[in-house]
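Read through the structure below, which is laid out as C-alpha cells, and then see the notes.
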Amino acid sequence: MAHPEIRVFNTMQQAKVPLTPITPGKIGIYVCGPTVYSFVHIGNARTFTSFDTIVRYLRFRGLEVRYVRNYTDVDDKIIKAAHENGEDPIELAARFIREFQADAKALHLLEPDVSPKVSETIPEIIAIIEKLIARGAAYAAGGDVYFEVRKYPGYLKLSKKHLDDLVSGAGERELVLEAKRDPLDFALWKAAKPGEPSWDSPWGKGRPGWHIECSAMSAKYLGEHFDLHGGGLDLIFPHHENEIAQSEAASGKTLCNCWMHGGFLDLEGAKMSKSLGNVVRLRDALGQVDPEALRYFFLTTHYRQALSFSDKQLADAETRMEYFYETLRKVDERVTGKDFGKGAVHGEPEKFLRELDEAMSDDFNFPGALGALSGLFNEMNQLTDKPPVKDKALVGRSLVALRDVAKKASLALGLFEDSPQDWLLRRRDRQVARLGIDVKKVDEAINARHAARAAKNFEEADRIRAELKGLRVEIMDTPAGTTWKVTSELSA
RNA sequence: GGCGGCAUAGCCAAGUGGUAAGGCAAGGGUCUGCAAAACCCUCAUUCCCCGGUUCGAAUCCGGGUGCCGCCUCCA
C-alpha cells in the first residue's frame with residue numbers, strides 16, 4: 001500500500017513540514033515526561049496519549065521508532081513536596097514514578113523504549129555543563145552555573161519572543177540574582193542547600209537546574225541531532241527554548257528537526273494545572289470511565305487544539321466505544337472458526353485504512369481518522385445485519401477483511417485492544433456497581449419474562465421489561481437468547 | 001505591554017481557494033409479539049461581524065468583536 005507523505009506541524013517554523021527521517025526508515029522522538037511530585041492529571045494524560053498515538057501511527061507506517069520519555073525526578077517541586085511530608089525527595093519521586101506507571105498501564109500507553117531519570121543522568125549533565133563553560137556559553141558563580149543567554153544568538157527562536165520584552169514583561173518576577181550576569185540567565189547547576197539531594201561536581205555539591213536534564217537525556221539516548229521532540233504547549237517557553245540553547249550551544253548542531261506541541265485540556269473553560277488546583281487526577285478519571293473511552297475522547301480533537309473536559313462528551317465517547325465493540329463482537333461471532341474460502345470481497349475494505357492513513361499523515365489528524373472508522377464499522381454492521389449480497393461466503397470473506405482492517409486501525413490508534421466480550425462485560429459490571437443493580441434479581445426477572453413469553457402472555461412480559469427499564473436495565477432478545485445492558489446514564 | 005491560538009448545526013468536531021467529513025442528541029422508517037441493537041432517511045444555502053481580492057472564500061487580505069493560552073512552576 002502506497003502511503004501518503006507524513007507532514008508534521010513544526011512549532012519552529014509554525015508550519016506543516018514533511019517528516020524526513022534523519023536515518024531513512026527510523027525516527028527518534030523525545031517527549032518531555034512528567035515531573036514526578038504527585039499523581040498526573042488528565043491534562044498530562046492527554047498529552048501523553050497524543051504522543052503515544054503518534055508513535056503508534058509512525059510504527060504503523062513501518063518506521064522504526066525509538067521513543068524516549070523521561071522522568072524528571074530531581075526538581076524544586078519534588079523537594080518541596082518531600083519536605084512537606086518528611087519524605088526523602090528521591091524516594092517520593094520513585095513512588096510517583098510507580099504511580100505514573102500504573103496509570104499509564106491502565107490507560108494503555110505504550111512503554112517508551114527508554115524512560116531515563118535525571119538522577120541517573122548526572123554524569124552526562126555535568127559533562128554538558130562543562131562543555132558549555134569551556135565554550136564560553138555558561139559561567140560558574142559561587143557554586144551555581146548559569147547559561148549566558150545573550151551570548152547565544154539563537155535564543156528565543158522557538159518561542160518567537162524578544163529578550164527586551166522578557167525583561168520588561170517580567171513584572172514582579174525576581175529576575176535579579178546577584179550571581180547572575182544577566183537577569184535572564186538561567187541555572188544549569190544549583191549549589192546544594194541543606195536537605196536537598198545533591199551530587200559532587202566540579203562546582204561543588206549541587207544538583208541540576210530544570211531544563212538541562214532533557215538536553216543530557218535526549219543526547220544520551222537519541223544523539224545530539226534527532227527527529228522529533230514533543231511536549232505540552234506550555235513547555236515552549238522557557239523549557240524547550242532553554243533546552244535548545246543548551247544543547248545547540250554545546251553541540252553546535254540542530255537539536256531536533258521538528259518541535260511538536262500538544263494543546264491543553266481545559267476544565268470549565270480554564271486551563272487545568274496543578275498550581276491552579278483545578279485538577280482531575282487521571283487515576284480518578286479512570287475510576288469513572290473506560291480507559292479506551294477516555295482515549296477516544298482525547299482523539300476527538302486534533303492534538304494541537306484545546307480540548308474541554310466534559311462529562312457529556314466523555315459519555316458520548318463511551319457510547320461510541322460500545323458501538324465499536326458491539327460491532328466487533330457481532331463480527332467475531334459470525335466469522336470465528338469458519339472458512340469462507342478464497343475469492344473476491346464486497347466493496348473495498350482497504351479504503352477505510354487509506355482514509356485513516358490520509359488523515360493521520362496530515363499532521364496526525366485524529367478526528368479525521370475517527371471519521372474513517374465510522375465508515376468501516378458501518379460497513380461491518382451492514383454486512384452482518386443487512387447483507388447487500390446473498391453469497392454467504394462472500395459476506396464472510398468481506399467481514400474477515402474488514403475485521404483485519406479494524407485490527408490494523410487498532411494498531412495505529414491504540415483503540416480496540418480488548419476482546420469485545422471482555423470490554424462489554426467490564427463496562428456493564430462497572431455500571432452495575434455504580435448503580436447498585438442487583439444482578440440476581442435481573443436474571444430472575446428475565447427468567448420470569450421468558451416464561452411469560454413462552455405462554456404468550458405478552459402483557460406480563462412487557463410489564464417486566466418496563467419494570468427493568470425503571471432500573472436502567474434494557475432487555476435485548478437475540479437469536480442466541482436474552483441479554484441485557486445498562487442504559488446510558490444521560491439518556492435515561 | 002510583547003508573542004501565539006481559537007470562533008463551523010442543540011452539543012462535540014474535521015475541513016485552509018472549488019461549492020460544508022464524522023460523532024452525540026433529535027425526528028421519521030425498516031426489523032421486532034413489544035423492545036433493544038443494527039440499518040436507511042431527515043437534520044448548517046452556510047462557517048462570529050464588516051469590508052476587500054477572486055470566475056469562485058468557511059478557507060486569502062484588511063478592520064472589528066469575543067474567548068483562551070504563553071511571557072512565573074506547569075503536559
Side-chain angles (χ1 to χ4, degrees), chain A residues 11 14 16 31-35 37 40-51 75-77 80 156 159-162 164-175 210 230-239 241 261-266 269-276 279 296-297 300-302 304-308 310 312-317 319-320 322-323 326-327 330 355 359 362 365-375 377-378 380-386 388 453 456-459 461-462 465-466 469 474-478 482-485 487-488 490-491:
Chain A
T11 305
Q14 313 215 65
K16 287 182 200 173
V31 174
C32 286
T35 298
Y37 67 102
V40 291
H41 62 238
I42 50 176
N44 300 306
R46 184 208 179 183
T47 297
F48 296 136
T49 301
S50 293
F51 287 105
D75 171 271
D76 290 347
K77 290 193 296 294
K80 186 163 171 267
L156 304 178
S159 57
K160 297 359 178 205
K161 296 179 187 299
H162 305 283
D164 297 334
D165 296 337
L166 284 183
V167 177
S168 61
E172 296 168 17
R173 186 160 43 121
E174 282 194 43
L175 277 175
W210 188 40
L233 249 185
D234 49 349
L235 294 184
I236 294 175
F237 186 88
H239 187 241
E241 197 68 72
H261 292 97
F264 287 124
L265 185 71
D266 296 334
K271 174 190 161 185
M272 169 163 43
S273 77
K274 292 177 190 172
S275 50
L276 287 178
V279 296
Y296 183 93
F297 167 69
T300 56
T301 297
H302 184 96
R304 285 191 284 114
Q305 229 53 54
L307 206 207
S308 280
S310 122
K312 159 86 165 70
Q313 299 307 321
L314 222 43
D316 285 356
T319 299
R320 197 64 183 148
E322 185 184 29
Y323 167 81
E326 192 60 60
T327 304
K330 245 176 2 190
E355 280 173 21
D362 182 12
N365 188 338
F366 300 160
L370 260 25
L373 248 36
S374 292
F377 280 75
N378 177 266
M380 281 194 267
N381 276 121
Q382 280 187 51
L383 281 168
T384 34
D385 290 356
K386 301 216 160 184
R453 288 182 76 207
K456 303 264 185 215
N457 183 355
F458 293 123
E459 205 176 309
D462 289 348
R465 172 188 289 288
K469 195 155 195 175
E474 185 76 56
I475 287 175
M476 300 171 288
D477 297 320
T478 74
T482 299
T483 60
W484 59 277
K485 64 168 188 172
T487 56
S488 156
L490 288 176
S491 66

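Sequence lines set the chain letters: A, B, ... in the order given, protein chains first and strands last, and positions in each chain run from 1.
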Expressed in angstrom and rounded to an integer, what is the separation of [X] atom [atom1] from [N] atom [atom2]?
| X | N | atom1 | atom2 | answer |
| --- | --- | --- | --- | --- |
| A:K16 | B:A14 | NZ | C1' | 11 Å |
| A:I236 | B:C73 | CD1 | C1' | 16 Å |
| A:Q305 | B:A7 | CD | P | 6 Å |
| A:H261 | B:A75 | NE2 | P | 12 Å |
| A:I475 | B:C34 | CD1 | C1' | 11 Å |
| A:N44 | B:C73 | CG | P | 17 Å |
| A:N457 | B:C34 | CG | C1' | 13 Å |
| A:K161 | B:C70 | NZ | C1' | 5 Å |

Return yes when atom NZ of A:K80 has more than 12 non-hydrogen atoms of other residues, nucleotides or ligands closer than 6.0 Å, and no otherwise.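 Counting other residues, nucleotides and ligands, NZ of A:K80 stays at 12 neighbours or fewer.
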Does a sphere of radius 6.0 Å around CD in A:Q14 hold more than 12 heavy atoms from other residues, nucleotides or ligands, not counting ones at 6.0 Å or beyond?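 Yes - once you tally the heavy atoms of other residues, nucleotides and ligands closer than 6.0 Å, there are more than 12.
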For A:L370 and for A:K469, find the nucleotide of RNA chain B with the closest heavy atom, then tell me which residue's nucleotide is more 5'.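 Between the two, 5'-proximity favours A:L370.
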Between A:E474 and A:T300, just flag the one whose closest nucleotide in RNA chain B comes earlier from the 5' side.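 The answer here is A:T300.
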Under 4.0 angstrom, heavy atoms only, what part of the nucleic acid is [X] near: base, sugar-phosphate, or nothing?
| X | result |
| --- | --- |
| A:T483 | nothing |
| A:R465 | base |
| A:G231 | sugar-phosphate |
| A:L265 | base |
| A:H302 | sugar-phosphate |
| A:G375 | nothing |

If you restrict it to nitrogen or oxygen atoms, what contacts under 3.5 Å exist between nucleotides 37-41 of chain B and the protein, and what is each distance?
| unit_1 | atom_1 | unit_2 | atom_2 | d |
| --- | --- | --- | --- | --- |
| B:A38 | O3' | A:N381 | OD1 | 3.4 |
| B:A38 | O2' | A:D385 | OD2 | 2.9 |
| B:C39 | OP1 | A:Y323 | OH | 2.8 |
| B:C39 | OP1 | A:N378 | ND2 | 3.3 |
| B:C40 | OP1 | A:Q382 | NE2 | 3.3 |
| B:C40 | OP2 | A:N378 | ND2 | 3.2 |

When the [atom1] atoms of [N] and [M] are considered, how many whole Å apart are they?
| N | M | atom1 | answer |
| --- | --- | --- | --- |
| B:U16 | B:U59 | P | 12 Å |
| B:U46 | B:A20 | P | 12 Å |
| B:C68 | B:U19 | C1' | 32 Å |
| B:A21 | B:U8 | C1' | 12 Å |
| B:G27 | B:G33 | C1' | 25 Å |
| B:C70 | B:G17 | P | 31 Å |
| B:G66 | B:G10 | P | 23 Å |
| B:C47 | B:C12 | C1' | 16 Å |

Between [options], which one does the side chain of [X] approach most closely?
| X | options | value |
| --- | --- | --- |
| A:K160 | B:C34, B:A75, B:C3 | B:C3 |
| A:P367 | B:A21, B:C24, B:C70 | B:A21 |
| A:F458 | B:G23, B:A75, B:G33 | B:G33 |
| A:F264 | B:A36, B:G69, B:G4 | B:G69 |

Can you tell me if A:D75 and A:T35 form a side-chain donor-acceptor pair at under 3.5 Å?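 A:D75 vs A:T35: no donor-acceptor pair found between side chains.
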Modelled atom types, side-chain donor and acceptor of A:S374 and A:R320, under 3.5 Å: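 Side chains of A:S374 and A:R320: pair found under 3.5 Å.
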Decide whether a cation-pi geometry holds between A:K161 and A:F237; the criteria are a distance under 6.0 Å from NZ or CZ to the six-membered ring centre and an angle within 45° of the ring axis.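 Yes, cation above the ring, under 6.0 Å and within 45°.
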Could you check whether the side chain of [X] and the base of [N] have a donor-acceptor pair of N or O atoms closer than 3.5 Å, going by distance alone?
| X | N | result |
| --- | --- | --- |
| A:D477 | B:C34 | yes |
| A:H41 | B:A75 | yes |
| A:R453 | B:G33 | yes |
| A:R46 | B:A75 | no |
| A:N365 | B:G15 | no |

Can you name the ring pair (Phe, Tyr, Trp, His ring centres under 6.0 Å) partners of A:F377, sequence neighbours left out?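 Residues passing ring pair (Phe, Tyr, Trp, His ring centres under 6.0 Å) with A:F377: A:F324, A:F416.
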Under the 3.5 angstrom rule, does the side chain of A:E241 hit a backbone N or O of A:S159 as a donor-acceptor pair?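 Yes, A:E241 side chain to A:S159 backbone: donor-acceptor pair under 3.5 Å.
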Okay, side chain of A:R465, backbone of A:I475: is any donor-acceptor separation there less than 3.5 Å?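 Pair found, side chain donor or acceptor close to backbone of A:I475.
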Hey, what do you get for NZ (A:K330) to CG (A:D385), rounding to the nearest 0.5 Å?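 That separation rounds to 3.5 Å.
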After noting the C-alpha distance and the side-chain angles of A:T327 and A:N381, does the key distance pass the side chain to side chain donor-acceptor pair (under 3.5 Å) rule? CA-CA 6 Å; A:T327 304; A:N381 276 121; 2.9 Å; yes
Need the pair for [N]. Rule: Watson-Crick or G-U wobble, both distances under 3.5 Å, any strand; none if unpaired.
| N | answer |
| --- | --- |
| B:C67 | B:G5 |
| B:U59 | none |
| B:C39 | B:G29 |

